[in-house]
There are 2 protein chains.
Amino acid sequence: MHSFTEENYLKAIFHLLLKTQSATTNEIAAATGTKAASVTDMLKKLAEKKLINYARYQGVTLTDSGERIAVGIVRKHRLWEHFLVDKLKFKWDEVHEMAEELEHISSTELINRLDEFMGHPQFDPHGDPIPDCNGRISNQHLQSALHLKKDQTGKIAAVADHSPAFLQYLEKTQLTIGQTITVTGLTDYDMALVLNNSQNEFNISREVAKNLLILV
Amino acid sequence: MHSFTEENYLKAIFHLLLKTQSATTNEIAAATGTKAASVTDMLKKLAEKKLINYARYQGVTLTDSGERIAVGIVRKHRLWEHFLVDKLKFKWDEVHEMAEELEHISSTELINRLDEFMGHPQFDPHGDPIPDCNGRISNQHLQSALHLKKDQTGKIAAVADHSPAFLQYLEKTQLTIGQTITVTGLTDYDMALVLNNSQNEFNISREVAKNLLILV
DNA sequence: TATTTTTTTTAGACTTGTCTAAATTAATTC
DNA sequence: GAATTAATTTAGACAAGTCTAAAAAAAATA
């Protein structure tokens with residue numbers, strides 16, 4: 001099939017296109033932890049294989065088959081993360097690295113059985129949607145907590161920052177997926193959000209709020 | 001840690017030493033699907049890292065740390081095979097290739113959790129013992145069905161050939177792990193073994209018998 | 001628009017693991 | 001024990017993926 005490395009590039013391009021509508025050489029280098037020169041080489045190779053559309057100096061997009069592969073990797077990543085948390089009882093901040101390896105296990109039959117074993121979960125532990133076996137991804141229209149209006153209530157549905165530090169912070173402050181919160185105001189001093197989670201009231205920084213994705 | 005490739009060499013050497021008491025360049029080449037020249041290169045590298053004892057033209061043995069790594073890979077392979085069969089309902093002839101990939105997932109915490117999730121199984125689907133988290137491997141003294149005496153009874157405990165063809169044959173003839181069999185004689189024509197499995201009587205070739213491992 | 005800065009690409013080199021072909025060592029046979 | 005055969009190693013090359021440094025193109029700025 002495709003190499004581990006090719007899969008990682010396709011995945012990185014997929015995520016970049018989703019987040020910023022563009023995928024440039026430098027962005028891809030940053031995302032894959034390589035240098036721009038290496039990226040250029042790989043882009044030529046992926047274009048050769050018709051997995052990306054590439055014209056030099058122009059950035060890239062995925063072809064249909066490139067996107068199919070990328071979504072397959074994302075599906076595997078998220079299903080394995082779900083497995084690790086739901087079945088093996090890892091915490092949500094512990095699973096990323098393992099899933100980075102597991103997502104390259106090639107068998108699609110394996111991943112489909114795993115999906116079935118877990119009852120076809122819709123979302124991974126960070127609230128990201130799990131593509132189905134045909135590559136379809138459900139789209140919830142979430143918004144950053146930063147954009148909630150005063151007295152607006154919503155449910156924490158996903159997080160935009162997957163770093164262990166952020167996830168541990170959320171865990172500690174009970175800002176976990178499924179929790180319902182209400183914005184009761186802003187602090188004068190630093191415009192931090194004042195939240196109410198039905199038990200008590202507390203503040204979160206604008207940076208934290210930005211990375212909390214809310215289903216209104 | 002160690003590369004995928006290094007791990008495969010160590011595993012191959014481990015299995016060869018177990019089976020034939022020796023691991024020569026050509027044997028390793030055959031086991032890893034490479035050429036002798038490539039093996040020599042890798043042996044130098046593994047010796048450099050003190051994972052094997054190597055003197056040229058002399059074959060190799062594993063050092064303690066080499067063996068520790070090899071046993072770790074075997075543990076992962078067998079636990080994943082157990083998972084695939086026990087939890088994901090794959091057949092015992094379908095899991096080898098997937099386990100060949102899964103055995104290289106690096107996290108030992110993951111494999112220990114998987115072990116616990118499955119209730120610390122002792123044997124994999126082919127009857128091979130699963131090393132514990134300290135690398136200890138239980139040793140049942142099995143013997144090939146070929147060496148059973150007339151009227152001797154035993155229980156099928158493992159198989160020496162893991163090929164899908166062999167496993168499917170056993171499945172079809174109900175010669176699966178746990179079955180109790182009795183040797184009631186030999187055919188005059190080709191010395192095939194006449195077996196009785198408490199329900200009916202049938203013959204198996206000496207080749208098949210050789211690969212059936214029995215707990216007497 | 002001309003110049004500077006940034007981004008991207010090219011050129012050439014390195015590493016890992018592989019190969020073939022040739023040379024060397026060990027084992028076998030006469 | 002000498003000659004042949006088999007096994008192993010060396011030498012040199014290649015592919016994948018990476019790098020640094022330099023060149024080229026695009027974008028930003030004056």
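These numbers come from the heavy atoms of this one structure, side chains and all, not from hydrogens, waters or symmetry mates. In what follows, chains carry the letters A, B, and so on, assigned in the order in which the sequence lines appear, proteins first and then strands, with residues in each chain numbered from 1.
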Which nucleotide wins on minimum distance to the side chain of [X], given the candidates [options]?
X: B:T25; options: C:dT8, D:dT9, C:dT10; result: D:dT9
X: B:Y9; options: D:dT9, C:dT8, C:dT18; result: C:dT18
X: B:N26; options: D:dT8, C:dT9, C:dT18; result: D:dT8
X: B:T5; options: C:dT18, C:dT8, D:dT18; result: C:dT18
X: B:T40; options: D:dT18, C:dT8, D:dT9; result: D:dT9
X: A:K35; options: D:dT8, D:dC19, D:dA24; result: D:dC19

Roughly, in whole Å, what's the span from [atom1] in [X] to [atom2] in [N]?
X: A:D41; N: C:dT15; atom1: CG; atom2: C1'; answer: 15 Å
X: A:M42; N: D:dA16; atom1: CE; atom2: P; answer: 10 Å
X: A:Y57; N: C:dT6; atom1: OH; atom2: P; answer: 17 Å
X: B:L46; N: C:dT16; atom1: CG; atom2: P; answer: 13 Å
X: A:K49; N: D:dA15; atom1: NZ; atom2: C1'; answer: 12 Å
X: B:Q58; N: C:dT24; atom1: CD; atom2: P; answer: 19 Å

#### Entry: Neighbour count above 12 (heavy atom, 6.0 Å) for B:Y189 OH
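No, because the 6.0 Å sphere around OH of B:Y189 holds 12 heavy atoms or fewer from other groups.
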Kindly say if [X] contacts the phosphate of [N], meaning a side-chain N or O under 4.0 Å from OP1 or OP2.
X: B:T24; N: D:dT8; answer: yes
X: B:K44; N: D:dT9; answer: no
X: A:R56; N: C:dT10; answer: yes

### Task
Check the side chains of A:H77 and A:D124 for a donor-acceptor pair under 3.5 angstrom, ignoring hydrogens and angles.
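No, no side-chain donor-acceptor pair sits under 3.5 Å.
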### Task
Tell me yes or no: between the side chains of A:R75 and A:N134, is some donor less than 3.5 Å from an acceptor?
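Per modelled atom types, A:R75 and A:N134 side chains form no pair under 3.5 Å.
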### Query
How would you label the contact of B:Y54 with the nucleic acid (heavy atoms, under 4.0 Å): base, sugar-phosphate, or nothing?
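Touches sugar-phosphate only.
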### Task
Answer with base, sugar-phosphate or nothing: what part of the nucleic acid does A:S38 contact at a heavy-atom distance below 4.0 Å?
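Touches a base.
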#### Entry: Under 3.5 Å donor-acceptor, B:K76 side chain and B:I105 backbone
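Here the side-chain-to-backbone pair exists.
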### Task
Indicate the ring-plane relationship of B:F83 and B:F117, choosing parallel, tilted or perpendicular according to the 30° and 60° boundaries.
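If you compare the ring of B:F83 with that of B:F117, the planes turn out tilted.
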### Given DNA chain D, 5'-ward residue of the pair B:G59 and A:A36, judged by closest heavy atom
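Nearest-nucleotide comparison on DNA chain D picks B:G59.
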